[in-house]
Amino acid sequence: MCGIVGYVGHREAGSIVIEGLSRLEYRGYDSAGLAVHRGPGVFETVRSLGATAELTRQAKEEGFELGGRVAIGHTRWATHGAPSVRNAHPHISYNGRIALVHNGIIENHAELRREMEAEGASPSWWLSDTDTETLAHWIEHCRPRGGSLLDAVRLALGEVVGAYAVLILDVPTGELIAARRSSPLAIGIGNFEVFIASDAIPIVEHVQDIIYLDDGDIVQVEPRGANEVPNVRLFNLAEEGQVERQAVRVELKVEELGRGGHETFMMKEVCEQPVTVRDCLRGRLTPGDSPIALGGLEAAWPHLLRARRIHIVACGTSWHAGLIGKHLIETLTRIPCEVDYASEFRYRDPIVGPGDVVLAISQSGETADTRAALELALERGATPVGVVNVVGSSISRLAGCGIYTRSGVEIGVASTKAFTGQVTALVLLALGMAHSLGTLDRGAYEELKAELDTVPDKIAEVLENLGPVLAAADAHTSARDWLFLGRGVSFPVALEGALKLKEISYAHAEAYPAGEMKHGPIALVEPTCPTVFVLPGDVHYEKSLSNLQEVLARSGPVVAIVTRGNRELPEGVGHVIEVPTTHELLSPLLTVVPLQVLAHRVASNRDCNVDRPRNLAKSVTVE
């Protein structure tokens with residue numbers, strides 16, 4: 001991980017690649033590097049710790065020219081080897097013939113190294129601690145058997161175990177080879193130029209029609225004259241001859257990549273939620289008693305309605321959305337539903353097969369653990385369904401059907417609008433299934449639909465009255481430990497609130513079902529540990545209120561998120577944050593918003609990098 005950009009064309013290749021890398025920083029980074037082809041047999045590299053701004057500074061300090069017609073670049077998120085300049089990409093083969101950037105993990109890099117050393121490779125070849133450098137040497141090790149770079153890459157990758165998106169610069173010719181397996185790559189062909197990147201964001205300023213590579217795809221890009229389109233050929237490891245892939249029109253505007261006047265991308269995305277939830281509902285939330293319109297689920301619909309069990313697989317924030325989805329599906333359809341961490345699902349030998357539906361949730365659609373879980377489900381005959389945000393992503397193509405959340409590009413690493421988009425999609429799914437199954441009477445169905453239609457406006461109301469949230473954050477900015485509590489459908493919201501806080505402020509935060517507090521976590525309650533109660537006016541309210549009293553009795557400071565007009569809170573609650581009234585199954589779409597803002601304010605007060613928290617990556621494409 002985490003970001004790859006390549007360019008072949010007539011403009012300043014180095015400048016275009018660095019600009020593209022800066023737009024991929026949201027995916028996570030700890031170092032960056034660039035290789036520019038200067039002519040036949042000549043190239044130069046520059047590498048640095050930190051962001052692309054530091055790479056630009058380093059290039060200027062070294063007198064590194066950003067011109068040239070061919071370049072590759074990379075932002076790294078460390079897997080093998082600590083963050084350092086020596087471990088930054090690009091890596092160079094032992095003979096200097098190729099420069100290579102790579103996202104993913106080469107799982108058998110140690111075996112490949114041993115094989116090369118047994119055949120005469122010198123340990124002095126290895127100048128870094130990375131698996132990527134071994135891949136560079138391995139490709140060149142295979143070249144004598146294959147002749148051309150393309151043949152060498154095909155041979156080399158045929159013996160590689162792991163996940164990869166690689167971009168390889170052939171130093172003698174300036175040719176680029178790109179290849180992928182379980183890690184995304186996209187290609188765009190413009191006006192006498194070709195762009196390759198980890199996703200569409202660095203490409204859309206230049207072209208809108210983008211090809212998303214499939215697993216096993218290899219792209220060969222050969223530079224040609226200044227007024228000629230580079231020669232592009234597409235192959236696949238499993239097929240003979242050239243293959244074709246359909247280009248996709250990406251409806252993404254460059255202006256969407258800015259902060260729009262907000263302090264951070266995260267706050268911009270928090271404030272976009274009234275619009276993004278409305279976008280998710282548009283065309284799907286039909287009036288009256290008519291069915292929910294979910295055209296992307298036509299192939300899976302009969303399987304969903306007669307499912308023996310629905311398995312939801314996801315990671316992080318998406319897993320929290322999945323827990324809410326379980327509440328929705330079981331409450332409205334009475335179909336059993338399980339929620340698994342995708343990273344655990346494939347390793348616990350799950351009982352899943354024909355008659356089951358596996359619902360994979362992922363913002364990027366590239367989450368390696370979630371994709372692997374879905375692949376296992378497919379192998380065992382289950383019906384796959386995806387809930388993703390990115391059109392053309394790996395999980396969307398693997399599932400073949402599902403729901404796009406339409407949340408738009410999310411650049412802040414800590415997910416916000418993607419979460420509410422996922423929950424909205426799951427509400428639509430559960431409502432649609434309940435209507436088809438007849439498990440919800442007509443009046444309740446129409447009432448829930450009508451209430452769902454008001455949610456975007458109610459999110460806007462929450463965002464218009466953030467004073468109490470900011471006051472609570474300011475009062476507890478210095479707290480080192482936090483507790484988040486909720487019951488029923490509010491427990492996953494508490495989990496999400498705790499995750500947001502720890503992700504971006506680095507405070508220690510834990511979440512529990514409110515009833516579990518007395519079984520251990522209550523030992524943490526003290527005047528320096530705030531407890532956040534997610535306490536809407538639902539069937540769990542009275543029980544949760546008792547738990548709140550237990551915290552107050554032990555001098556624990558309390559922040560309570562309640563339904564507007566609540567007059568029952570006891571004295572001693574330090575901060576009360578109100579949200580509009582809604583159906584309890586829809587309450588997460590409102591109660592999560594103050595928690596997002598709370599985390600943002602605490603992190604900002606602590607001078608943390610809200611959009612790019614340490615050690616995190618936006619798109620986790622390794623297991």
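Keep in mind that what you see is a predicted model, and the values were worked out from it rather than measured.
A side-chain donor from one of Thr367 and Ser362 sits under 3.5 Å from a side-chain acceptor of the other. Between Glu133 and Ser128, the side chains place a donor N or O and an acceptor N or O closer than 3.5 Å (distance only, hydrogens not considered). Side-chain atoms of Ser318 and Gln422 include a donor-acceptor pair closer than 3.5 Å.
Scanning for side chain to side chain donor-acceptor pair (under 3.5 Å) contacts around Glu503 gives Lys500, with sequence neighbours left out. Considering only residues two or more places apart in sequence or on other chains, Glu12 meets the salt bridge (Lys or Arg N to Asp or Glu O under 4.0 Å) condition with none of them. Here Ser31 pairs with nothing under the side chain to side chain donor-acceptor pair (under 3.5 Å) rule; sequence neighbours left out. For Arg278, the side chain to side chain donor-acceptor pair (under 3.5 Å) test picks out Asp453, with sequence neighbours left out. With sequence neighbours excluded, the residues that form a ring pair (Phe, Tyr, Trp, His ring centres under 6.0 Å) with Tyr341 are Trp319. Annotation: side chain to side chain contact (heavy atoms under 4.5 Å, CB included) contacts of Ala178 (sequence neighbours excluded): Leu167, Leu185, Ile196, Val219. With sequence neighbours excluded, the residues satisfying side chain to side chain contact (heavy atoms under 4.5 Å, CB included) with Glu175 are Leu149, Asp170, Thr173, Ile177, Gln220, Glu222. Applying the ring pair (Phe, Tyr, Trp, His ring centres under 6.0 Å) rule to His303 yields no partners; only residues at least two apart in sequence or on another chain are considered. Legend: residues meeting side chain to side chain contact (heavy atoms under 4.5 Å, CB included) with Ala425, ordered by chain and number and at least two apart, are Cys280, Val387, Ile403, Thr405. Annotation: ring pair (Phe, Tyr, Trp, His ring centres under 6.0 Å) contacts of His37 (sequence neighbours excluded): none. Legend: residues meeting side chain to side chain donor-acceptor pair (under 3.5 Å) with Arg47, ordered by chain and number and at least two apart, are absent. For Tyr212, there are no ring pair (Phe, Tyr, Trp, His ring centres under 6.0 Å) partners at least two apart in sequence or on another chain.
With a 6.0 Å radius and a threshold of 12 heavy atoms from other residues, nucleotides or ligands, Glu228 has its CD atom above the threshold. Counting non-hydrogen atoms of neighbouring residues, nucleotides and ligands closer than 6.0 angstrom, the CD atom of Gln246 reaches no more than 12 such neighbours. Surrounding CD of Gln242 are more than 12 heavy atoms belonging to other residues, nucleotides or ligands, all under 6.0 Å away.
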Margin query: I'd like to know whether Ser198 forms a side chain to side chain donor-acceptor pair (under 3.5 Å) with Asn103, so could you lay out the CA-CA distance, the side-chain angles of the two residues, the decisive distance to 0.1 Å, and finally the verdict.
Written below: CA-CA 9 Å; Ser198 296; Asn103 289 344; 3.2 Å; yes
Margin query: Before you tell me yes or no, could you show the steps for Met433 and Leu305 under side-chain contact (heavy atoms from CB on, under 4.5 Å), namely the whole-Å CA-CA distance, both residues' side-chain angles and the distance that decides it to 0.1 Å?
Written below: CA-CA 6 Å; Met433 291 176 62; Leu305 297 182; 4.2 Å; yes
Next item on the list: Please assess Asp217 against Arg181 for the test salt bridge (charged side-chain N to carboxylate O under 4.0 Å, His left out), listing each intermediate value before the final yes or no.
Entry: CA-CA 8 Å; Asp217 280 354; Arg181 179 195 292 163; over 6 Å; no
Notebook entry, point to check: Does the salt bridge (charged side-chain N to carboxylate O under 4.0 Å, His left out) test come out yes or no for Asp151 and Arg154, once each step is laid out?
Noted result: CA-CA 5 Å; Asp151 289 338; Arg154 293 191 72 130; over 6 Å; no
Notebook entry, point to check: Are Asn191 and His206 close enough, and set up right, to give a side chain to side chain donor-acceptor pair (under 3.5 Å), and what steps lead you there?
Noted result: CA-CA 9 Å; Asn191 187 22; His206 309 286; over 6 Å; no
Next item on the list: Given salt bridge (charged side-chain N to carboxylate O under 4.0 Å, His left out), test Arg346 with Glu375 step by step and report yes or no.
Entry: CA-CA 9 Å; Arg346 68 185 301 214; Glu375 287 173 341; 5.6 Å; no
Item checked: salt bridge (charged side-chain N to carboxylate O under 4.0 Å, His left out) assessment of Glu193 paired with Arg11 -> CA-CA 8 Å; Glu193 54 193 352; Arg11 292 188 277 167; 3.0 Å; yes
Next item on the list: Take Arg180 and Ser394, measure what side-chain contact (heavy atoms from CB on, under 4.5 Å) needs, and give me the verdict at the end.
Entry: CA-CA 11 Å; Arg180 70 151 282 175; Ser394 295; 3.0 Å; yes
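Checking side-chain atoms of Arg380 against main-chain N and O of Val352 turns up no donor-acceptor pair under 3.5 Å. Under the 3.5 Å distance criterion, the side-chain polar atoms of Asp199 are matched with a main-chain donor or acceptor of Ile201. A donor-acceptor pair under 3.5 Å is formed between the side chain of Ser48 and the backbone N or O of Leu55. For Glu239 (side chain) and Asn236 (main-chain N/O), no donor-acceptor pair under 3.5 Å exists by modelled atom type. One N or O on the side chain of Glu269 and one on the backbone of Gly412 form a donor-acceptor pair closer than 3.5 Å. With His109 contributing its side chain and Ile105 its backbone, the two residues share no donor-acceptor pair below 3.5 Å. With hydrogens and angles disregarded, a donor-acceptor distance shorter than 3.5 Å links the side chain of Asn108 to the backbone of Val161. At distances below 3.5 Å, at least one donor-acceptor pair connects side-chain atoms of Arg69 with backbone N or O atoms of Arg224. A distance-only check finds a donor-acceptor pair linking the side chain of Thr424 to the backbone of Thr420 [under 3.5 Å]. Checking side-chain atoms of Ser396 against main-chain N and O of Val391 turns up no donor-acceptor pair under 3.5 Å.
Taking the charged nitrogens against the carboxylate oxygens, Glu44 and Arg38 do have a contact shorter than 4.0 Å, which makes a salt bridge. The residues Lys417 and Glu272 are annotated as salt-bridged, a charged nitrogen and a carboxylate oxygen being separated by less than 4.0 angstrom. Between Arg371 and Glu366 there is no salt bridge, since no side-chain nitrogen of the basic residue lies less than 4.0 Å from a carboxylate oxygen of the acidic one.
Checking Leu359, Val357, Ile329, Leu323 one by one against Cys337, the side-chain contact (heavy atoms from CB on, under 4.5 Å) holds for a single residue, Ile329.
Ring planes of Tyr7 and Phe195: tilted class, angle from 30 to 60°.
Considering every non-hydrogen atom in both Ile189 and Val232, the closest pair reads CD1-CG2, 4.3 Å.
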